[in-house]
Amino acid sequence: MKSDFFDISDEVLELGNKALELSKPYLDRIDKITEYNQIKMLRAFQNARVSESCFTASTGYGYGDRGRDVLDSIYAEVLETEDALVRHNFASGTHTLTVALFGVLRPGDTMVSVTGIPYDTLQGVIGIGQKSNGSLMEFGIKYEQVDLLEDGTVDYEGIKNTVRHNTKMVYIQRSRGYSLRPTLLNEDIRKIYELAKSIAPDCIVMLDNCYGEYVEMTAPGNCCDLMAGSLIKNPGGGIAPTGGYIAGKKDLVEACSYRLTTPGTGKEIGCTLGQNRELFMGTFNAPHVTGEALKTAVFAAALFSSLGFKVTPDFDQPRGDIIQAILLENEKRLVSFCQGIQAASPIDSFVTPEPWDMPGYDSKVIMAAGAFTLGSSIELSADAPLREPFAVWMQGSLNFHSGKTAVLLAAEKMKDQL
């Protein structure tokens, strides 16, 4: 490994060579997962009989939009669910989750989060923390929570003591958010599913699947009743400019579609305004791009663990999402790391990120991202609140080659502080 285009010292390049060699077996493992999911995606496109006519724009009500319906069927197949609702007009992952929650929960129902408190933006949707207008709790939906154990793993005994026979929803957040707890693997999700169903057979097990698509050979469709995610994360392949998906049992997806549009019309309406081509292309590329992001995360873990920093997950551990956390121990290193990531971005590489007082956080936050799509988490980014233990959360990379360079530049930026 050498750099003809960036000012990276021989010392850091040598460390990078060692990290690459150390991580090679795990990069090879990711390539096998990627190949499996990419071929699965190819077959799904063929089974759905995708043609150029699927890319035709619809307007107005969008009746008979074949591309919209075909894309739904592709998601249902690759996620191993009965049905799916994929739309460009889901404004964010949180919006998608909100539609799903309001679609299937009714006044008097109880929702139990079994992975601790959900991430910040969903707390307002539920009605915990700051009061918000129009939350689930305002509509008479009850919320209960099973905190994670001290090591960040699921408290199965706590689930047994909290979930009751009439619990309507058991809610799972797959990814870690701004925490250091382990991300859930599909086998963990299945264990929660089976436990929940043994207590409340009629409950809805819902999965926030953000960041977790295509990281394993198995899909979570057979271990949850409903799931949702964002198209500017893994499933959009870095091409979809916006959107989200809901997938799961047919009757539940239908209920969600009534919340998105109107009762009675559901999936039958909703024009696509020429967005279909990018959604199809991003969907097709998603397994490959997710694999590139995973390889970037493994390389970062190998490099920074060799520098003596705690990383989670470690480079040799199984992964349930694309996020890599690195504990950098002080503010100066954290800021330097983010500035190094920004310097390697294709967009806004000339910008120097600085910590700022971001609304909703109890400390300053620094964010590094140079993305073609604003807020796209499948493109390389790094962000962190400036507080103990000064961990940074890195995710994404459209390709491993530029992602690896970004990690090296982050290490170079920190070199004098090691």
Side-chain angles (χ1 to χ4, degrees), residues 110-123 126 128-130 142-164 167 169-200 203 205-212 215-216 220 223-224 297-298 300-301 304-305 307-331 333-334 360-363 365 382-395:
T110 298
M111 166 189 177
V112 179
S113 172
V114 297
T115 46
I117 191 166
Y119 57 78
D120 298 13
T121 54
L122 202 65
Q123 293 174 28
I126 297 168
I128 51 179
Q130 292 184 347
K142 302 167 189 173
Y143 173 79
E144 297 180 17
Q145 180 176 304
V146 180
D147 290 329
L148 298 169
L149 298 173
E150 285 189 10
D151 63 356
T153 58
V154 175
D155 183 358
Y156 293 101
E157 286 301 314
I159 294 175
K160 291 178 185 178
N161 295 330
T162 306
V163 175
R164 294 174 290 279
T167 296
M169 176 178 285
V170 170
Y171 184 85
I172 304 167
Q173 181 178 304
R174 178 173 193 155
S175 198
R176 65 185 65 202
Y178 275 151
S179 77
L180 297 173
R181 61 104 162 162
T183 296
L184 298 182
L185 301 171
N186 285 331
E187 62 187 57
D188 302 314
I189 298 166
R190 169 160 288 284
K191 188 174 178 180
I192 296 171
Y193 176 84
E194 291 174 349
L195 176 58
K197 291 293 187 178
S198 71
I199 303 167
C203 75
V205 177
M206 180 172 169
L207 174 67
D208 173 357
N209 200 33
C210 287
Y211 300 104
V215 300
E216 299 184 74
C223 48
C224 68
V298 167
F304 279 88
S305 62
L307 290 170
F309 295 104
K310 183 178 179 182
V311 299
T312 174
D314 212 337
F315 69 93
D316 58 352
Q317 290 181 312
R319 291 173 178 264
D321 67 8
I322 62 171
I323 299 173
Q324 180 63 51
I326 306 170
L327 282 66
L328 296 171
E329 301 171 359
N330 64 51
E331 179 178 330
R333 287 176 184 153
L334 195 155
Y361 291 88
D362 60 4
S363 59
V365 174
D383 46 271
L386 269 67
R387 62 186 181 219
E388 295 284 354
F390 295 101
V392 67
W393 283 264
M394 188 195 84
Q395 58 272 316

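A salt bridge does not link Lys197 with Glu194: none of the charged nitrogens is closer than 4.0 Å to a carboxylate oxygen. Classification of Arg190 and Glu216 as a salt-bridged pair fails, no side-chain N sitting under 4.0 Å from a carboxylate O.
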Inset, instruction - Test Leu180 against Trp393 for side-chain contact (heavy atoms from CB on, under 4.5 Å), laying out the working first. - result: CA-CA 9 Å; Leu180 297 173; Trp393 283 264; 3.8 Å; yes

Inset, instruction - Given side-chain contact (heavy atoms from CB on, under 4.5 Å), test Tyr156 with Ile192 step by step and report yes or no. - result: CA-CA 8 Å; Tyr156 293 101; Ile192 296 171; 3.8 Å; yes

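A donor-acceptor pair under 3.5 Å is absent between the side-chain atoms of Glu329 and the main chain of Pro389, judged by distance alone. The main-chain N or O of Leu386 is never found under 3.5 Å from a side-chain atom of Glu331 such that the two would form a donor-acceptor pair. Looking at Asp188, its side chain does come within 3.5 Å of a backbone N or O of Leu185 through a donor-acceptor pair. When atom types are taken as modelled, the side chain of Asn209 and the backbone of Gly212 share no donor-acceptor pair closer than 3.5 angstrom. Between the Arg174 side chain and the Asp208 main chain, no donor and acceptor come within less than 3.5 Å of each other. Using a distance-only test at 3.5 Å, with no hydrogens or angles considered, no donor-acceptor pair links the side chain of Arg181 to the main chain of Glu150. A distance-only check finds no donor-acceptor pair linking the side chain of Ser363 to the backbone of Pro385 [under 3.5 Å]. Arg164 places a side-chain N or O within donor-acceptor distance of the main-chain N or O of Thr162, the cut-off being under 3.5 Å. In terms of modelled atom types and a separation under 3.5 Å, the side chain of Arg319 and the main chain of Val215 share no donor-acceptor contact.
Taking 4.5 Å as the limit, every side-chain heavy atom of Thr183 sits out of range of all side-chain heavy atoms of Tyr211. In this structure the side chain of Leu148 never reaches within 4.5 angstrom of the side chain of Ser179, judged on heavy atoms. Under the 4.5 Å side-chain criterion, counting only non-hydrogen atoms from C-beta, Ile128 is in contact with Pro118. You'll find the side chain of Ile172 stays beyond 4.5 Å of the side chain of Cys224, heavy atoms only.
Interatomic distance, OG1 of Thr115 versus CG of Asp155, reported as 12.0 Å (0.5 Å rounding). Interatomic distance, Cys203 SG to Tyr193 OH, rounded to the nearest 0.5 Å: 8.0 Å.
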